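It should be emphasised that the depicted structure is a prediction, and the values quoted were computed from it without experimental measurement.
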Amino acid sequence: MNTDRRRGPWLITAGAVAALVLGIATTMLLAGTGAFRHVTPVSWRAQGVRCSAPALPGRVVDVTVSDMGPGMMGGTPGGYGMRMMRLVARPATVSSGGVSLRVVNTGATVHEVVVLPLPSGQGIGERPTGPGGKVSEAGSLGEASRTCGTGEGHGIAPGAMGWTTLTLRPGRYELVCNLPGHYLAGMYTELDVSA
């Protein structure tokens, strides 16, 4: 009986160490294969949607739009909490001229990307929103909001892609998702265009 008591803590400790070693080995294996890289795929499949962007002209900016899924709730229009959504552009700086945005929606809800000039002295995320949780699109240079297509549409479905090509002059631009509540939930980023 005394031997069983001593063996109990030893077995628990050995089990915890084995789980820790297995976790570290799995993490190293996944990191070595590139599973943790956030590279936007040219082809994407989810929820039965499959599409690939064609070869796009100019400088290509890969934009990823994502959210934490339909279970998130908050007090903002559209029911989303603050900073529960993301919009990421890579690269964040391009030279002027033809610029193509290739957008992949890795979230669980419909998204879009609208390109707005960013006034001098204004930071991203500082635009006023109206009662519907949207920002003014006055001065918009274009958008990617068509599932598996170019330009304006009814939003990019979860798992799908959309794209657009614009001519951008040197300056600062804010890329936003302007669906109700999405801007307030953190769906904006800056794209800088150099001469």
Side-chain angles (χ1 to χ4, degrees), residues 26-56 58-74 76-94 99-116 124-125 127 129 133-135 137 140-166 173-192:
T26 301
T27 302
M28 291 176 63
L29 176 68
L30 290 172
T33 62
F36 294 137
R37 291 189 196 116
H38 296 288
V39 177
T40 304
V42 172
S43 178
W44 189 263
R45 182 177 176 89
Q47 298 186 6
V49 177
R50 179 166 179 81
C51 56
S52 298
L56 298 170
R59 291 145 211 78
V60 176
V61 177
D62 286 309
V63 181
T64 304
V65 292
S66 61
D67 56 71
M68 300 203 46
M72 59 186 186
M73 297 300 285
T76 60
Y80 302 104
M82 293 297 287
R83 303 294 301 159
M84 299 302 286
M85 298 183 166
R86 276 184 68 156
L87 194 153
V88 178
R90 289 194 177 95
T93 303
V94 294
V99 176
S100 292
L101 303 180
R102 182 171 49 204
V103 183
V104 64
N105 182 352
T106 63
T109 59
V110 172
H111 295 293
E112 67 180 9
V113 174
V114 178
V115 181
L116 300 168
I124 61 170
R127 293 178 189 273
T129 55
K134 296 174 73 174
V135 299
E137 290 187 15
S140 168
L141 300 170
E143 65 183 81
S145 61
R146 180 181 306 274
T147 296
C148 298
T150 186
E152 196 171 331
H154 299 291
I156 301 170
M161 297 183 78
W163 52 90
T164 190
T165 300
L166 311 164
Y173 298 89
E174 188 172 21
L175 308 181
V176 306
C177 180
N178 205 24
L179 296 177
H182 291 205
Y183 185 79
L184 289 172
M187 292 202 75
Y188 49 79
T189 194
E190 184 169 337
L191 177 64
D192 295 319

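Taking CD of Glu143 as the reference point, atom CG of Leu175 lies at 12.0 Å (rounded to 0.5 Å). For the atom pair Thr64 OG1 and Arg102 CZ, the distance stands at 10.0 Å (nearest 0.5 Å). Within the model, atoms CH2 of Trp163 and OG of Ser145 stand 12.5 Å from one another, a figure rounded to the nearest 0.5 Å.
A 4.5 Å side-chain heavy-atom check between His111 and Ile156 finds every atom pair outside the cut-off. Looking at heavy atoms from C-beta onward, Leu116 lies in side-chain contact with Val135 at the 4.5 angstrom threshold. The side-chain heavy atoms of Pro180 and Lys134, taken from C-beta on, include a pair separated by under 4.5 Å. Using a 4.5 Å cut-off on side-chain heavy atoms (C-beta onward), Val103 and Val65 make contact.
Taking every heavy atom of both residues into account, Leu101 and Leu56 meet most closely at O-CD1, 4.5 Å. Minimum heavy-atom separation, Val110 to His182: O-CE1, 3.3 Å. When all heavy atoms of Leu87 and Cys177 are compared, the closest pair comes out as CD1-N, 3.8 Å. Across every non-hydrogen atom of Thr129 and Tyr183, the tightest pair is CG2-CD2, 3.8 Å. Looking at every heavy atom in both residues, Arg86 comes nearest to Met187 through O-CE, 3.3 Å. Nearest heavy atom pair, residue Gly142 against residue Leu166, reads CA-CD2, 3.9 Å.
More than 12 heavy atoms of other residues, nucleotides or ligands lie within 6.0 Å of CD in Glu190, so this atom counts as buried by the packing criterion.
Asp67 places a side-chain N or O within 3.5 Å of a backbone atom of Thr109 that can act as its donor or acceptor partner.
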Verdict with reasoning, Leu179 to Glu112, per side chain to side chain contact (heavy atoms under 4.5 Å, CB included): CA-CA 7 Å; Leu179 296 177; Glu112 67 180 9; 4.1 Å; yes

